[in-house]
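A, B, ... follow the sequence lines: proteins, then strands. Residue 1 opens every chain. Model, not experiment: these values are computed from the prediction.
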Amino acid sequence: MFLILVVGSLVTFLTKSREQARMSALLTSLIVLIMSILMFFEYRTSGGLETFTELYDWVPSIGIGYHVAVDGLSLPMVLLTTITSFLCTVYAWGEKVRSNQFFAFILFIELALIGVFVSLDFFMFFIFWEFVLLPMFFLIGIWGGPRKDYAAIKFLIYTHVSSGFILLGIFAIYYFNIMAGNAPTFDIPTLLSAYPTLELTSFWKNFIFAAFLFGFLVKMPAVPFHTWLPDAHVEAPTVGSILLAGVLLKMGGYGLFRFLIPMMPNTSVNFVYIIAIFGLISILYAPIAAFMQPDIKKLIAFSSIGHMGFISLGVAASIAAGGETSRIFAASGAMFQLFAHGIVTAVLFGSAGVIDHHAGTRIIANLGGLAKRMPKFAVLMIIGFLASIGFPGTIAFIAEFSILAGSYPQLPLFVVLALPCIPITVMYHLYAFQRAMLGPYNQSLGEIGDATHYELLALAVWVVIIFALGLHPAPIYDMMESASTNLIMALPPGGIG
Amino acid sequence: MTDYLLLSPVFLVILLSFIVIVAGLFLKEKRILGYLTIIGLLAAFFITLANFNTRATLFSNSIVIDPFGQFFNLLFLMVSLVVCLASLEYYGNHPNQDEYYALLLLATAGMMLVSFSNDLIIIFVSFELVSLPTYILAGFDKKNPRSMEASLKYFIIGALSAGILLFGISFIYGATGETNLETILNSNLLEQSSIAVLGTILILVGFAFKMALVPFHMWAPDTYQGAPSVVSAFLSAGSKTVGFVAAFRVFLLALMALKFQWYLVFTILAVATMTFGNVVAIAQNSIKRMLAYSSVAHAGYVIIAFVVIAHSPEAAQFALTGGILHALSHALGKVGAFVVVALVAHMVVGGGEEGPEGDSLENYNGLGKRAPLTALLMTILLLSLAGIPPTFGFYTKFVLFLSAIKGGLLWLALIAILNSALSVYYYARVVMRMYWMEPQGGKVHEPAFYVLAVLLVVAGIVVLGLYPEPVYRMALEGAGSLMH
């Protein structure tokens, strides 16, 4: 799978003409998509980690190995990555500027993201984690908007610093594992099982936890570490935004579930309220900030921050004291939110991109009545907006409902405090839609046609997924539920709080 | 007798320099000397590689052949090789190129001797063998006043530091009556003597000039900027590494007994050097000055190894391995980057000798369109210097910072990682200039030898970044041979 992506992206990079570039990119991402769907079905029938585990030595002297595997948490994320990348390729079919590099960078990002989601070796994980930044840096920098230099470098520095902290955490675990007399290794399952046997002072436990948490929260991003995100989104090309919000942001939440909670259940309880507070602040701050945004893309960026706040809340709830059922409920909800938000936000940013390409501006005040000129597009867009609000019947409803319902028994105060965000979210979404799409047509925009076929196609597929999984979430949800059950059952019963 | 054959690469290089200078008197087509030099360096490289991991002591224990020295010999030969390849274009038509190659070879031989030397006197003499030719090389562009200034500055500082170093050596000799590193280690006279501390500090200062540690770095930016770019490549990748090698040998062998005295000094130097280097590099408008300050910062990272070794004996071998590897990755990154600078100044800006604006960052605007291959290679080099995976630079920083954690120096690792994150800014700025600023001028021809030289380095960085196991083992052997 990696090999195909490497070859595919290199071929795309080397192609001369735009036709060849987009064909090879499309083909590569399609093959990878089909492979991941096949894996998905095979996993459902056979189950078990063993099906897709690969383990080789890489740098044995300091214990680095090539170890990949998928489980109920990572497989949906891989699927999300492949779907998003494939549809991004479709969506960006009309890209004209340096299209070979453009499509190659999409594939590079896909490669790195899949790497992040399947790695079970800290060294490998970190390499992919960092490698995600580079193509995104170039995507923002080369195809970005007017303030792209600033946004690209801000993105790079913020996320690089946060990675530095993750690296420190990795170092510390590695070191203590050696100190305990074990063979040096970066292998994640080995370290996870060895961790409880290590003798650590509480300072080190808290330090390791805080280092990882900081790294993941910046990536997620949680207010107040979010300031890189609106800039990066506003300046990034549409496809960059879709990948950034749709998949890159999920790395933080994925990291929390994959490493932090299973590794340090006892330490994580010290941080329940910290994570919950970060989540709550994001949930409440983001919609209010979004309300103020004149730029529709920035508005969507802030909505992402709010939605990611729900994930923090779900994470906190799944480790807080309470009944196992509700903790599993919250954890599965948060995992499902990772997937759901990836799909929903793609529609939103896709819509913002269409408006920008066709109307030539994203400032809401300058738009108006676009629905008259772009009827097909308007339908898709309103569905995306409704899904973002959490309308029942859409995928996001399932996710946010499970998070809130699962969190209530453990953290009632936080859930009650988070509720005001729902009306505000509804208000700013509909208000923005009303001003941009409805009402009298703003004549100063000139003649505008409907969105192009490939744009509509990509948006439509996302919308179909929103409904399909909104009405019948079982295929993904069950898988995540079993993953979260395994996770919660491994934690000390009852939690502490 | 066969042991002496282990020194054959050094003899080969010295012999070659004599051949080159004599043959230069008679040859009309001097370009051929460049090819000859390259063949000789390649031969020396492979001889060293084939004999890797052999040990011997020569000349009544004043020269010691060990994996540590061999590792650095390989490094110096490689740097020299790359510089020669680039010089084939850079000085392709220069009337005095025979002298250039001869001096380069002599300096390389000096570097190789430093890494094998086991005696303070030999270290000093080989140091001078490195320094004297490089003073001339720095001023090789005779008509360029900046090159002259660079050479003069380098010479004065070099003479000063050599004096200080020798002064320090004399104190150590006074305290112990010995100049052999291992004998000094085994005699317990150092701890009893008060002048030994003074000697240690003086030696440290002497090396600090060579390694360009803050506050002894002032000459480095001026010299690297003024010297011809290929020579800057040689200085920052080669001369600087010589400082590391000598410091490793002297401090980890002879002066290990005084580690509580030099430990604190190295700690302060490490923090000051990396922080100052990175912060000042941000403000530079000249690519050569920027690379010079980044070189200063990298010296700070390497110095972490000393701090860890003194602080925690368990982590010592690992830390030294990290230090050796980082010296290698820095040398690779810098030699490649300076050759690219030479290429850009020469081919993109145009003109034979470098003009006054030859090293301005402006020249990199839109290089991705003007010279796509060069820009790509430069990007990889800068990423490696910044320590971004999956390059070799990431791996070596990884090992080095890991050793700091292993030695219980969390705060030092934290400072180093933050510094490293800071440095991404100025490397990324160059990349941004290359890829998303409007080019000033059309596409340019990318000369084959330059590209070949850089390609060699970049291939090394990528391959070692993806599969560092063999070189890690070599460095581990080297570290093991130094720490008994």
Side-chain angles (χ1 to χ4, degrees), chain A residues 13 57-62 64 97-98 101 112 115 122-134 137-138 140-144 148-150 152-176 178-179 184 186 203-204 207-208 211, chain B residues 314-315 318 321-322 368-369 372 376 379-380 383 386-391 394-395 397-408 410-411 413-429 431-437 464-473 475-476:
Chain A
F13 201 72
D57 277 346
W58 186 1
V59 190
S61 5
I62 58 171
I64 297 173
V97 184
R98 300 204 216 172
Q101 295 171 21
F122 268 127
F123 186 81
M124 213 176 124
F125 169 78
F126 189 76
I127 283 196
F128 283 121
W129 178 276
E130 278 284 277
F131 190 61
V132 171
L133 306 183
L134 288 182
F137 173 68
F138 281 103
I140 297 176
I142 299 180
W143 292 273
K148 58 190 182 179
D149 292 7
Y150 171 75
I153 204 102
K154 191 170 176 183
F155 165 75
L156 192 69
I157 299 286
Y158 257 77
T159 46
H160 190 72
V161 170
S162 74
S163 308
F165 279 90
I166 294 177
L167 192 61
L168 271 180
I170 294 175
F171 281 166
I173 297 172
Y174 175 80
Y175 163 66
F176 283 115
I178 295 178
M179 285 292 109
F186 282 99
F203 165 76
W204 276 103
F207 171 79
I208 294 175
Chain B
E314 305 96 70
F318 192 54
T321 311
K369 285 196 188 103
L376 180 68
T379 306
I380 297 174
L383 291 179
I388 289 180
T391 55
F394 165 72
Y395 180 77
K397 269 190 190 167
F398 188 83
V399 174
L400 193 59
F401 298 169
L402 183 57
S403 77
I405 301 251
K406 206 172 170 182
L410 174 71
W411 61 272
L414 188 66
I415 292 177
I417 286 181
L418 286 178
N419 253 299
S420 184
L422 182 68
S423 72
V424 171
Y425 177 71
Y426 57 84
Y427 295 120
R429 250 183 7 158
V431 176
M432 285 163 71
R433 276 180 184 279
M434 291 196 295
Y435 282 102
W436 54 83
M437 286 213 179
L464 292 181
L466 291 176
Y467 189 64
E469 177 73 14
V471 73
Y472 177 82
R473 283 194 178 285
L476 197 66

TODO: Report the residues that fulfil salt bridge (charged side-chain N to carboxylate O under 4.0 Å, His left out) with B/E314, sequence neighbours left out, ordered by chain and then residue number.
DONE: none
Task: Pairwise distance CZ(A/F123) to CZ(B/F394) - rounded to 0.5 angstrom - done: 5.0 Å
Open item on the list: To the closest 0.5 Å, what do you measure between CG (B/L418) and CZ (A/F165)?
Closed with: 5.0 Å
Task: Rounded distance (nearest 0.5 Å) linking atom CG of A/L167 with atom CG of B/L402 - done: 8.5 Å
Task: Part of B/Y472 lying under 4.5 Å from any heavy atom of chain A - done: side chain
- [ ] Hey, could you give me the CD1/CZ distance between B/I388 and A/F137, rounded to the nearest 0.5 Å?
- [x] 8.5 Å
TODO: List in chain and number order the residues that pass salt bridge (charged side-chain N to carboxylate O under 4.0 Å, His left out) with A/K154, two or more places apart in sequence or in another chain; answer none if no residue qualifies.
DONE: A/D231
Open item on the list: Are A/F171 and B/F401 an aromatic pair, judged by ring center distance below 6.0 Å?
Closed with: no
- [ ] Under 4.5 Å, counting heavy-atom pairs only, tell me which of B/R429, B/E469, B/M432 racks up the most with chain A.
- [x] B/E469
Task: Engaged part of A/L134 at the chain B interface, taking heavy atoms whose separation is under 4.5 Å - done: side chain
Task: Contacting region of A/I157 [heavy-atom separation from chain B under 4.5 Å] - done: side chain
Open item on the list: Can you confirm if the aromatic rings of A/Y174 and B/F398 lie within a centre distance of less than 6.0 Å?
Closed with: no
Open item on the list: If I measure from the heavy atoms of chain B, does A/F207 come under 4.5 Å with its side chain, its backbone, both, or neither?
Closed with: side chain
- [ ] Side chain from CB out, backbone as N, CA, C, O: work out which of these in A/A211 comes under 4.5 Å of a heavy atom of chain B, or both, or neither.
- [x] neither
- [ ] Pick one of side chain, backbone, both or neither for A/L156, based on which atoms fall under 4.5 Å of a heavy atom in chain B.
- [x] side chain
Task: Which of A/L133, A/I153, A/V161 touches chain B most, by non-hydrogen pairs under 4.5 Å - done: A/I153
- [ ] Could you tell me whether the side chain of B/L410 reaches within less than 4.5 Å of the side chain of A/Y175, counting heavy atoms only?
- [x] no
Task: Which atoms of B/L383 approach chain A - backbone, side chain, both or neither, heavy atom under 4.5 Å - done: side chain
